[in-house]
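Note on naming: letters A, B, ... go to the chains in the order of the sequence lines (proteins, then strands), and numbering restarts at 1 for each one. Just so it is clear, the structure is predicted and the values come from calculations on it, not from any experiment.
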Amino acid sequence: MGRWDGPALAVARSLVGSVLTTQSTVGRTSVTITEVEAYGGSDDPASHAFRGRTPRNAPMFGPGGTIYVYRSYGLHWCLNIVTGEADNPQAVLIRAGWPGEGRALMEQRRGRVDHLADGPGKLTAALGIDDSIDGMHIEALETVSITGPGSQVDCEWKRRVGLTLAADRPWRCVLIATG
DNA sequence: CGGTGGATTCTCT
DNA sequence: GAGAATCCACCGA
């Protein structure tokens, strides 16, 4: 029983406050995850897996811990972690994080010094994540890891954003800043 | 086989 | 707060 075996909502909750780290030849970068969003399968009209398996969403049908990266609006990459059993598509979208290690590298990748990872596309850009890891298993990758959370964090469930379908589901989990 | 629109971001007003 | 930038999977024909 690994941390990716449970339903998307439970994994989503456990990811908030965790640290996502990427390692490459140019350096190491990390963020503390502050916002995630859960997606289901055939029961969730907003999910890419809603209409069944396709070449693009195939990673969502893999076992928990599989990485699903897709292109958004032709421009950005969005990072998902698949959860649960294979062939029961569920995933968690990593929406935002606080910059941690490797801030200078993240600033360089983003081309600015603010708003480094406060959105799904910005987060992948800051961490240097693209579709080269699509379909890989996170535990098998040296270059991507998720640890923690090291301490208890408070979260709030809100409705999903950026969707036209089933956006009302309170499946977006946001870290409550304790000041 | 072409039209369509999105789990977004940036810039300018 | 609105509009543009920009790709490709999916759907209907």
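In this structure, A:Arg56 does not reach the B:dA7 phosphate: none of its side-chain N or O atoms is under 4.0 Å from OP1 or OP2.
Residues A:His48 and A:Met60 form a side-chain contact, since some pair of their non-hydrogen atoms from C-beta on lies under 4.5 Å apart. Side-chain atoms of A:Trp4 and A:Ile81, non-hydrogen and from C-beta on, do get closer than 4.5 Å to each other. For the pair A:Ile146 and A:Ile138, the minimum side-chain heavy-atom distance is below 4.5 Å. Inter-residue side-chain proximity for A:Val31 and A:Glu101 is flagged as unmet; no heavy-atom pair is nearer than 4.5 Å.
Nearest nucleotide to the A:His48 side chain, out of C:dC10, B:dA7, B:dC10: B:dA7. In this structure, of C:dC10, B:dT9, B:dA7, it is B:dA7 that holds the atom nearest to the side chain of A:Leu163. Set against C:dC11, C:dA5, B:dA7, the side chain of A:Arg51 has C:dC11 as its closest nucleotide. When each of B:dA7, B:dT11, C:dC10 is scored by its nearest atom to the side-chain atoms of A:Asn57, the top-ranked nucleotide is C:dC10. For A:Lys122, counting side-chain heavy atoms from C-beta on, the closest listed nucleotide (B:dT8, B:dC10, C:dC10) is B:dC10. Nearest to the side-chain atoms of A:Thr54 among the listed nucleotides B:dT8, C:dC10, B:dA7 stands C:dC10. Distance from the side chain of A:Asn80 is smallest to B:dA7 among B:dA7, B:dT9, C:dC11. Here B:dC10 is the nucleotide among B:dA7, B:dC10, C:dC10 with the atom lying nearest to any side-chain atom of A:Arg110.
Atom CZ in A:Arg109 sits about 17 Å away from atom P in B:dT9, given to the nearest Å. Atom CG of A:Leu79 and atom C1' of B:dT8 are 15 Å apart (whole Å). When the C1' atom of C:dC10 is taken as reference, atom CZ of A:Arg71 falls 17 Å away, rounded to whole Å. For A:Leu75 and C:dG3, the CG to P distance is 18 Å, given to the nearest whole Å. One atom, CE of A:Met60, and another, P of C:dA9, lie 16 Å apart when rounded to the nearest Å. To the nearest angstrom, P of C:dC8 lies 13 Å from CG of A:Asp134. The OH-P distance, from A:Tyr73 to B:dT4, rounds to 17 Å in whole Å. Straight-line distance from the CD atom of A:Glu35 to the P atom of B:dA7: 15 Å, rounded to whole Å.
Judged by Watson-Crick or G-U wobble contacts below 3.5 Å, the nucleotide C:dG3 has B:dC10 as its partner.
Residue contacts shown for A:Arg172 are absent, as no nucleic acid heavy atom lies under 4.0 Å away. Residue A:Arg95 is classed as a sugar-phosphate contact, given heavy-atom separations below 4.0 Å to backbone atoms only.
One hydrophobic cluster, built from ILVMFWY side chains closer than 4.5 Å, holds both A:Leu141 and A:Val11. In the hydrophobic clustering of ILVMFWY residues, with side-chain heavy atoms under 4.5 Å counting as a link, A:Leu93 and A:Leu127 come out apart.
You won't find any donor-acceptor pair under 3.5 Å spanning the side chain of A:Tyr70 and the base of C:dA9, going by distance alone.
The same atom, C1', is picked in B:dG5 and in C:dG3; the two are 16 Å apart, to the nearest Å.
Stacking annotation: A:Tyr39 is stacked on the base of B:dA7 (ring centroids less than 5.5 angstrom apart, interplanar angle below 30 degrees).
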